[in-house]
Amino acid sequence: MPTSPVTASHSASNGAPPAIMLELVDEHGTTIGTAEKLAAHQPPGQLHRAFSVFLFDERGRLLIQRRALGKYHSPGVWSNTCCGHPYPGEAPFAAAARRTHEELGVSPSLLAEAGTVRYNHPDPDSGLVEQEYNHLFVGMVQGPVSPDPDEIGETVFVTPAELAERHAAAPFSAWFMTVLDAARPAIRELTGPAGGW
């Protein structure tokens with residue numbers, strides 16, 4: 001992940017990578033402080049700001065990704081197009097656009113806000129906890145994606161029926177259905193009734 005002024009100020013003097021800081025929020029999404037990324041995910045978890053992106057092609061298919069096996073949290077599971085955390089002080093929309101480009105090598109078009117959702121999802125495999133106030137975004141992707149292999153193991157475009165089949169057969173992130181269901185009204189507005197979302 002790129003270094004920002006915020007993360008650079010928390011660099012270790014021993015040459016270790018800089019700490020990645022997250023924005024802590026209250027139940028209304030108001031910023032109340034910061035915490036180091038891994039610490040914020042340790043049980044019971046600290047409520048922090050996050051974002052989730054859902055991008056679709058011109059046929060109304062959703063782009064999903066399988067998280068890289070090297071990721072410390074939820075490796076190898078399928079999830080939405082892109083998700084992550086804004087830097088402290090970074091607007092969620094800007095973070096969503098930035099991170100989509102960093103992970104997938106594309107800039108989303110028609111990216112629009114799709115509300116927020118708050119959840120608490122423990123991950124039994126890693127022992128970490130997702131306590132997130134999540135900003136949702138939907139948009140379109142045009143042109144081929146070029147995934148960063150450190151972040152993404154695989155991508156695929158799916159129809160609602162194909163997603164249901166894949167979801168029944170393969171592991172997905174603990175938060176996937178929560179964010180998808182919360183974003184459905186905006187997804188239907190983007191893809192139209194024929195999309196089936």
- [ ] Answer with yes or no whether the hydrophobic clustering places M177 together with L136; edges join I, L, V, M, F, W, Y residues whose side-chain heavy atoms lie under 4.5 Å apart.
- [x] yes
Task: E113 CD: over 12 foreign heavy atoms closer than 6.0 Å - done: no
Open item on the list: Quick check for you: to the nearest 0.5 Å, what is the distance between S74 atom OG and F176 atom CZ?
Closed with: 13.0 Å
Task: Partners passing salt bridge (Lys or Arg N to Asp or Glu O under 4.0 Å) against D150 (at least two apart in sequence or in another chain) - done: none
TODO: List in chain and number order the residues that pass side-chain hydrogen bond (donor to acceptor under 3.5 Å, both in side chains) with Q65, two or more places apart in sequence or in another chain; answer none if no residue qualifies.
DONE: E103
Open item on the list: Do Y119 and Q131 make a side-chain contact, defined as non-hydrogen atoms from C-beta onward lying under 4.5 Å apart?
Closed with: no
Open item on the list: If you compare all heavy atoms of A174 against all heavy atoms of P122, which two are closest, and at what distance to 0.1 Å?
Closed with: CB-O, 4.2 Å
Open item on the list: Among T81, T191, L63, which residue satisfies the side-chain contact (heavy atoms from CB on, under 4.5 Å) criterion with F56?
Closed with: T191
Task: Salt bridge present between R98 and E102 (N-O < 4.0 angstrom) - done: yes
Task: Closest approach of G139 to L190 (non-hydrogen atoms, all atoms of both residues) - done: O-CD2, 3.4 Å
- [ ] Say whether W175 and S79, considering side chains only, have a donor N or O and an acceptor N or O under 3.5 Å apart.
- [x] yes
Open item on the list: Checking the side chain of Q42 only, and the main-chain atoms of A39 only, is there a donor and an acceptor separated by less than 3.5 Å?
Closed with: no
TODO: Answer yes or no on whether R67 is positioned over the face of W78, meaning its NZ or CZ is under 6.0 Å from the six-membered ring centre and within 45° of the axis.
DONE: no
TODO: Please write out which residues are connected to Y133 in a hydrophobic cluster, directly or through intermediates, given that two of Ile, Leu, Val, Met, Phe, Trp, Tyr count as joined at side-chain heavy-atom separations below 4.5 angstrom.
DONE: V25, L47
Task: Short side-chain to backbone donor-acceptor contact, S126 and L128, under 3.5 Å - done: yes
Open item on the list: With a 3.5 Å distance limit and no angle check, can you tell me whether T34 reaches the backbone of M21 through a side-chain donor-acceptor pair?
Closed with: no
Task: Gap between atom OG of S173 and atom CG of N80 - 0.5 Å precision - done: 6.0 Å
- [ ] Mark yes or no for whether D57, through its side chain, and R61, through its backbone, hold a donor-acceptor pair below 3.5 Å.
- [x] yes
- [ ] Could you check V145 against V141 for side-chain contact (heavy atoms from CB on, under 4.5 Å), going step by step and ending with a plain yes or no?
- [x] CA-CA 8 Å; V145 298; V141 61; 4.2 Å; yes
Task: Verdict with supporting geometry, I64 and F54, side-chain contact (heavy atoms from CB on, under 4.5 Å) - done: CA-CA 8 Å; I64 60 174; F54 297 85; over 6 Å; no
TODO: Determine whether the side chains of T155 and R66 contain a donor N or O and an acceptor N or O closer than 3.5 Å.
DONE: no
Task: Euclidean distance, H121 NE2 relative to N134 CG, rounded to 0.5 Å - done: 9.5 Å
- [ ] Verify whether the ring centers belonging to H135 and F51 lie closer than 6.0 Å.
- [x] no
Task: Interatomic spacing from CZ in R99 to SG in C82 - rounded to 0.5 Å - done: 6.5 Å
Task: Expected output: side-chain E90 to main-chain Y87 donor-acceptor under 3.5 Å - done: yes
Task: From S52, P92, P108, residue fulfilling side-chain contact (heavy atoms from CB on, under 4.5 Å) relative to F137 - done: P92
TODO: Mark yes or no for whether S146, through its side chain, and L104, through its backbone, hold a donor-acceptor pair below 3.5 Å.
DONE: no
Open item on the list: What I'd like to find out is whether the side chain of E151 reaches to under 4.5 Å of the side chain of K71, using heavy atoms alone.
Closed with: yes
Task: Full working for side-chain contact (heavy atoms from CB on, under 4.5 Å) between V117 and V179 - done: CA-CA 7 Å; V117 62; V179 293; 4.1 Å; yes
TODO: Using the rule that two of Ile, Leu, Val, Met, Phe, Trp, Tyr join whenever any of their side-chain heavy atoms come within less than 4.5 Å, decide whether L180 and L55 are in one cluster.
DONE: no
Task: Presence of salt bridge, R118 and E132, under 4.0 angstrom - done: no
Open item on the list: Please determine whether side-chain contact (heavy atoms from CB on, under 4.5 Å) holds for the pair E162 and V156, giving the CA-CA distance in whole Å, both sets of side-chain angles, and the decisive distance to 0.1 Å.
Closed with: CA-CA 10 Å; E162 290 167 343; V156 65; over 6 Å; no
TODO: Quick one: pull up OG1 in T31 and CG in D26 and give me the separation to the nearest 0.5 Å.
DONE: 8.5 Å
- [ ] Tell me, please, which residues at least two apart from H41 pass side-chain hydrogen bond (donor to acceptor under 3.5 Å, both in side chains).
- [x] H48, E130
TODO: Please name the pair of heavy atoms, one in V106 and one in P144, separated by the smallest distance, quoted to 0.1 Å.
DONE: CG1-O, 3.3 Å
Task: Co-members of V129 in a cluster of I, L, V, M, F, W and Y side chains, linked at under 4.5 Å - done: none
Report all side-chain donor-acceptor pairs from residues 181-189 shorter than 3.5 Å, counting only partners two or more places apart or in another chain.
from : atom 1 : to   : atom 2 : distance (Å)
D181 : OD1    : R184 : NE     : 2.9
D181 : OD1    : R184 : NH2    : 3.4
R184 : NH1    : W197 : O      : 3.1
R188 : NE     : W197 : O      : 3.1
R188 : NH2    : W197 : O      : 3.2

- [ ] Give a yes or no on whether F157 and M140 share a hydrophobic cluster (residues Ile, Leu, Val, Met, Phe, Trp, Tyr; joining criterion: side-chain heavy atoms under 4.5 Å apart).
- [x] no
